[in-house]
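Chain A is the first sequence line, chain B the second, and so forth, proteins listed ahead of strands; every chain is numbered from 1. Heavy-atom basis, side chains included; hydrogens, waters and symmetry copies ignored. All values derive from a computational prediction rather than experimental measurement.
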There are 2 protein chains.
Amino acid sequence: MSARAYLVDDDEAIRDSLGWLLESRGVACESYPSAEDFLATWEPSLAGCLLLDIRMDGMSGPELFDILCERGSTLPVIFLTGHGDVPMAVSALKKGAFDFVEKPCNDNELVNRVIEALKLDENRRAAASGADSVNARVNRLTTREQQVMELILAGKLNKVIADELQISMRTVEVHRANLFEKMGVRTAVELAQLLAGKR
Amino acid sequence: MSARAYLVDDDEAIRDSLGWLLESRGVACESYPSAEDFLATWEPSLAGCLLLDIRMDGMSGPELFDILCERGSTLPVIFLTGHGDVPMAVSALKKGAFDFVEKPCNDNELVNRVIEALKLDENRRAAASGADSVNARVNRLTTREQQVMELILAGKLNKVIADELQISMRTVEVHRANLFEKMGVRTAVELAQLLAGKR
DNA sequence: GTGCATATTGTGGAAATCCGCAAGATCGCC
DNA sequence: GGCGATCTTGCGGATTTCCACAATATGCAC
């Protein structure tokens with residue numbers, strides 16, 4: 001499923017006009033008539049951004065946003081509202097909403113925001129995939145190799161590691177070489193930088 | 001100068017009442033009748049938070065905020081406004097304002113926000129001082145030592161470093177030992193972790 | 001000129017790392 | 001029982017690091 005704008009609004013006229021606007025600017029778009037409908041479809045891999053009406057029958061926009069956040073969604077959310085409400089805007093933005101715009105709004109502005117949001121999501125996913133590949137590599141390490149890695153990252157010498165793990169230095173050397181191989185690094189420094197901030 | 005709430009509002013009545021409210025809750029407070037007055041006093045070392053009225057004679061709150069941001073201020077800013085304006089709230093928060101509250105507002109709420117803002121600033125400064133101490137140490141390194149450090153962080157062996165810098169291995173060893181000493185680390189791994197994310 | 005910081009190099013030895021070669025033990029799975 | 005993954009160890013040599021001792025050169029500031 002490629003990246004697209006997910007539009008959630010209970011007003012069919014708005015879904016149609018906004019959907020047409022976005023498509024006409026080259027932004028793929030998918031519409032949902034209720035928060036519940038979108039929530040049923042949502043999964044963490046959905047990429048793109050979310051255009052969310054505030055007031056809807058059933059679940060409100062902010063309620064959906066809260067639930068998605070709890071479930072680990074990082075989808076940038078642009079709130080749409082017909083009735084200006086400062087506290088709600090403040091609350092939404094402080095919770096991490098991408099934007100909060102009042103209807104009616106300038107078409108160009110809105111499309112630009114959507115494009116910005118799509119770009120943000122793309123960048124985030126690119127960064128996360130890097131982290132994932134590192135995690136995947138860490139998980140391929142055997143238990144012993146992970147233990148040795150911890151001690152290497154603590155800056156300890158092989159002899160000290162051998163002592164702490166109650167094994168011979170030679171064994172430590174073997175684990176060390178194997179885990180470097182698996183992690184795709186050639187020195188302890190590279191390893192430290194690869195895992196910077198991950199422990 | 002200890003941390004405090006800086007209150008900027010052109011309405012003397014509000015300065016007095018808000019100042020009294022904050023003081024009565026144990027929050028040190030300092031008032032300014034105009035954005036220009038505060039700007040004249042401001043310096044990067046000012047710690048605490050800023051309570052900023054939107055509409056004022058002369059420079060407006062958002063204008064002051066923009067200028068402070070340009071000058072590198074990290075002071076959390078709470079905007080105060082009497083006339084709800086969603087686009088302005090959105091703009092302020094997206095630029096990094098801490099909060100945006102409408103007057104009149106609940107006293108307890110406001111004091112709580114101020115306390116949160118003060119805590120945020122304190123945490124930020126604590127984190128920054130750690131980073132600063134690292135930067136200070138880096139700055140104490142000589143040019144050559146910094147060059148050698150870069151290459152060490154690139155995971156290169158002393159012999160390679162010697163080759164690239166066109167100096168003897170022995171000299172690299174000397175620089176290496178000296179910079180480790182100055183940076184307060186004992187291994188290249190510790191060095192890499194100390195500078196994680198800083199280059 | 002003197003003094004200080006910086007940069008440079010050499011010698012030589014102790015300590016540590018890196019690595020190929022070889023091999024034994026355990027454990028779970030088919 | 002056999003196979004594969006994992007953990008383990010030893011030997012020996014090449015390579016690298018670490019460091020004390022010793023020394024020369026340059027440039028800047030007082």
Nucleotide C:dA16, atom C1' - distance to CD1 of A:Ile152 in whole Å: 14 Å
Indicate whether OP1 or OP2 belonging to D:dT6 is found under 4.0 Å from a side-chain N or O atom of A:His175. no
CG of A:Leu179 versus P of D:dA5: gap in Å, rounded? 18 Å
Nucleotide by nucleotide, nucleotides 15-30 of chain D touches protein heavy atoms under 4.0 Å in the pattern (B base, S sugar-phosphate only, - none) -SBBBBB---------
Any salt bridge linking A:Lys159 with A:Asp163? Criterion: basic side-chain nitrogen under 4.0 Å from a carboxylate oxygen. no
Euclidean distance, atom CG of residue A:Leu151 to atom P of C:dT17 [Å, nearest integer]: 13 Å
Using a strict threshold of under 4.0 Å (side-chain N to carboxylate O), is an ion pair present between B:Lys103 and B:Asp11? no
Rounded to whole angstroms, how far apart are CD on A:Glu145 and P on D:dT8? 10 Å
For salt bridge (charged side-chain N to carboxylate O under 4.0 Å, His left out), just list the numbers for A:Glu122 and A:Lys119, CA-CA rounded to whole Å, side-chain angles, deciding distance to a tenth of an Å, and then say yes or no. CA-CA 5 Å; A:Glu122 192 184 333; A:Lys119 192 161 298 179; over 6 Å; no
Protein-nucleotide distance (A:Gln147, atom CD; D:dT6, atom P), rounded to Å: 14 Å
Nucleotide D:dT6, atom C1' - distance to CZ of A:Arg140 in whole Å: 17 Å
Which of the following nucleotides, C:dT9, D:dC7, C:dT6, is nearest to the side chain of A:Thr142? D:dC7
Any non-hydrogen side-chain atom of A:Leu51 less than 4.5 Å from a side-chain atom of A:Leu22? yes
When you compare the side chain of A:Val86 with that of B:Thr81, does any pair of heavy atoms fall below 4.5 Å? no
Could you work out, with ring pair (Phe, Tyr, Trp, His ring centres under 6.0 Å) as the rule, every residue matching A:Tyr32, not counting sequence neighbours? A:Phe38
Nearest-Å distance for atom pair CG/C1', residues B:Leu165 and C:dT9: 15 Å
Salt-bridged, A:Asp107 to A:Arg25, with N to O below 4.0 Å? no
Decide whether A:Arg125 and A:Ser129 meet the rule of one side-chain donor and one side-chain acceptor closer than 3.5 Å. no
Give the rounded distance in Å between these two atoms: CG of A:Leu191 and C1' of C:dC18. 16 Å
Are B:Phe98 and B:Cys49 packed together at the side-chain level, in the sense that at least one heavy-atom pair is separated by less than 4.5 angstrom? no
Just checking A:Thr171: base, sugar-phosphate only, or nothing, at a heavy-atom cut-off of under 4.0 Å? base
Show the distances under 3.5 angstrom between N or O atoms of the protein and N or O atoms of nucleotides 25-29 of chain C.
none

